Amino acid sequence: MTQYAAVLWDLDGTIVDTEPLWMGAEHALAAEHGKIWTEEDGLALVGNSLIASGHYIREKLEIEMTAEDVVDYLVNQLAASLTEHIDWRPGARELIEALDSEGVPQALVTMSYTAIAEPVVASLPFKAVVTGDIVSRPKPHPDPYLLAAELLGVDAGDCLAIEDSGTGAASASAAGCDVLVVPHFVNVPEADRRVQVPTLEGVKPEDLDPLFV
């Protein structure tokens with residue numbers, strides 16, 4: 001069993017492989033306006049807040065939609081896709097369920113909006129959920145992780161965060177968490193109290209503490 005007071009999870013690319021869905025929605029939006037959206041454009045948004053992504057997309061595609069309209073379009077696309085099918089990242093769901101069986105509190109900390117998180121949260125035992133539409137300062141600010149720890153009644157410095165992006169890892173580090181990074185689409189810089197593993201497949205609760213010794 002882990003000695004962490006709680007485990008705080010990122011969503012996109014960490015628990016669920018949503019990045020292809022995001023990129024698909026971005027390509028669809030571009031195509032509707034007769035524009036081109038590249039893989040490099042999509043990767044530039046990994047880990048960003050949705051509103052920041054909305055501004056980037058609006059400017060990149062030179063469209064008349066507001067950033068908020070762009071976000072609404074993407075959120076609706078993603079929520080519909082996740083209602084139909086969830087593509088779990090290897091080992092993530094199993095580790096969440098194993099931690100829950102040992103009584104370890106867990107929270108979801110995502111910059112995706114509530115409508116996107118809901119289909120995932122419905123099948124996972126999270127005690128708290130922090131989404132991008134309820135925080136005023138998104139990742140990489142520490143606020144989302146600090147709020148999650150507060151909701152669980154623990155100190156963020158006693159928590160383990162699991163992330164896949166540099167933006168998310170920076171947020172968790174700023175909040176004082178140990179950070180387990182499972183890179184997916186983008187590289188994540190090394191830092192103090194930050195450990196990288198190639199996959200969560202086969203990782204058990206008792207494996208977490210030794211990673212940071």
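Just so it is clear, the structure is predicted and the values come from calculations on it, not from any experiment.
Contacts of Glu94 classified as side-chain contact (heavy atoms from CB on, under 4.5 Å), with partners at least two apart in sequence or in another chain: none. In this structure Asp158 satisfies the side chain to side chain donor-acceptor pair (under 3.5 Å) test with no other residue, sequence neighbours excluded. Under the rule for a side chain to side chain donor-acceptor pair (under 3.5 Å), Ser81 has no partner lying at least two apart in sequence or in another chain. A search for side chain to side chain donor-acceptor pair (under 3.5 Å) contacts involving Glu201 returns nothing, not counting sequence neighbours. Partners of Asp133 according to the salt bridge (Lys or Arg N to Asp or Glu O under 4.0 Å) rule, which considers only residues two or more places apart in sequence or in another chain, do not exist here. Listed by chain and number, the residues in a side-chain contact (heavy atoms from CB on, under 4.5 Å) with Ser101 amount to none (sequence neighbours excluded). Not counting sequence neighbours, the partners of Asp178 by the salt bridge (Lys or Arg N to Asp or Glu O under 4.0 Å) test are Arg193. Evaluation of the side chain to side chain donor-acceptor pair (under 3.5 Å) rule for Ser123 yields no partner, not counting sequence neighbours. Residues passing the side-chain contact (heavy atoms from CB on, under 4.5 Å) test with Ser53, sequence neighbours excluded: Leu45, Asn48. Applying the side-chain contact (heavy atoms from CB on, under 4.5 Å) test to Glu150 and every residue at least two apart in sequence or in another chain returns Leu147.
No donor-acceptor pair under 3.5 Å is formed between the side chain of Arg89 and the backbone N or O of Thr14. Listed for the Asp41 side chain is a donor-acceptor partner under 3.5 Å among the backbone atoms of Thr38. Side chain of Ser171 to main chain of His141: a donor-acceptor pair is present (N/O by atom type, distance under 3.5 Å, no hydrogens or angles).
Taken from CG in Leu61 to CD in Glu32, the straight-line distance is 11.0 Å, to the nearest 0.5 Å. Distance CD/Glu26 to CH2/Trp37: 5.0 Å, rounded to 0.5 Å. Taken to the nearest 0.5 Å, the CD atom of Glu68 stands 5.5 Å off from the NE2 atom of His55. Of the inter-residue distances, the one linking Asp17 atom CG with Glu19 atom CD reads 7.5 Å to the nearest 0.5 angstrom. Going from atom CD1 of Ile86 over to atom OG1 of Thr18 covers 10.5 Å, rounded to the nearest 0.5 Å. The structure places CG of Leu74 at 10.0 Å from OH of Tyr113, a figure rounded to the nearest 0.5 Å.
The shortest heavy-atom contact between Arg194 and Pro189 is NH1-O, 2.8 Å. Closest approach of Pro119 to Leu82, counting heavy atoms only: CB-O, 3.9 Å. The nearest pair of heavy atoms linking Val130 to Leu151 is CG2-CD1, 3.9 Å. Shown here for Leu180 and Phe212, the closest heavy-atom pair between the two residues is N-CZ, 4.0 Å. Taking all atoms of both residues into account, the shortest heavy-atom contact from Leu146 to Ala156 is CD2-CB, 4.0 Å. Closest approach of Val154 to Ala6, counting heavy atoms only: CG2-CB, 4.1 Å.
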Quiz prompt | Full working for side-chain contact (heavy atoms from CB on, under 4.5 Å) between Val129 and Thr131 | solution = CA-CA 6 Å; Val129 176; Thr131 55; 3.8 Å; yes

Exercise. Decide side-chain contact (heavy atoms from CB on, under 4.5 Å) for Lys35 and Glu62; before the verdict, give the C-alpha distance in whole Å, the side-chain angles of both, and the deciding distance to 0.1 Å.
Key: CA-CA 9 Å; Lys35 305 289 186 175; Glu62 299 179 330; 4.1 Å; yes

Quiz item: Is there a side-chain contact (heavy atoms from CB on, under 4.5 Å) between Ile57 and Tyr73 once you walk through the steps?
Solution: CA-CA 12 Å; Ile57 292 168; Tyr73 178 97; over 6 Å; no

Quiz item: After noting the C-alpha distance and the side-chain angles of Lys204 and Asp207, does the key distance pass the side-chain contact (heavy atoms from CB on, under 4.5 Å) rule?
Solution: CA-CA 5 Å; Lys204 298 178 174 57; Asp207 299 327; 3.5 Å; yes

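When hydrophobic residues (I, L, V, M, F, W, Y) are linked wherever their side-chain heavy atoms come within less than 4.5 Å, the members clustered with Val179 are Val181, Val188.
Side chains of Pro142 and Arg137 form a contact here, defined as non-hydrogen atoms less than 4.5 Å apart. The side-chain heavy atoms of Asp10 and Ile15, taken from C-beta on, include no pair separated by under 4.5 Å. At a threshold of 4.5 Å between non-hydrogen side-chain atoms, the residues Phe126 and Leu8 do not count as touching.
If you check the side chains of Asp12 and His184, you find no donor sitting under 3.5 Å from an acceptor. Using modelled atom types and a 3.5 Å distance limit, the side chains of Glu163 and Tyr145 yield a donor-acceptor pair.
Ion pair Glu64/Arg58 not flagged as a salt bridge, since none of the NZ, NE, NH1 or NH2 atoms sits closer than 4.0 Å to an Asp/Glu carboxylate oxygen. Salt bridge annotation for Arg93-Glu97: present, with a cationic side-chain nitrogen under 4.0 angstrom from a carboxylate oxygen.
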Distance-only criterion, 3.5 Å: show the donor-acceptor pairs between side-chain atoms of residues 102-110 and protein atoms not counting sequence neighbours.
from: Gln106; atom 1: OE1; to: Trp9; atom 2: NE1; distance (Å): 2.9
from: Gln106; atom 1: NE2; to: Ile96; atom 2: O; distance (Å): 2.9
from: Thr110; atom 1: OG1; to: Ser112; atom 2: N; distance (Å): 2.9

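No chain of hydrophobic side-chain contacts below 4.5 Å, direct or via other Ile, Leu, Val, Met, Phe, Trp or Tyr residues, connects Val121 to Leu152. Leu211 and Leu99 fall within the same hydrophobic cluster, defined by Ile, Leu, Val, Met, Phe, Trp and Tyr side-chain heavy atoms under 4.5 Å apart, directly or through other members. Hydrophobic cluster membership is shared by Val70 and Trp22, with clusters built from Ile, Leu, Val, Met, Phe, Trp and Tyr side chains linked at under 4.5 angstrom. A continuous path of hydrophobic side-chain contacts links Leu208 to Leu200 [ILVMFWY only; heavy atoms under 4.5 Å]. The hydrophobic clustering, which links ILVMFWY residues whose side-chain heavy atoms are closer than 4.5 Å, places Leu124 and Val203 together.
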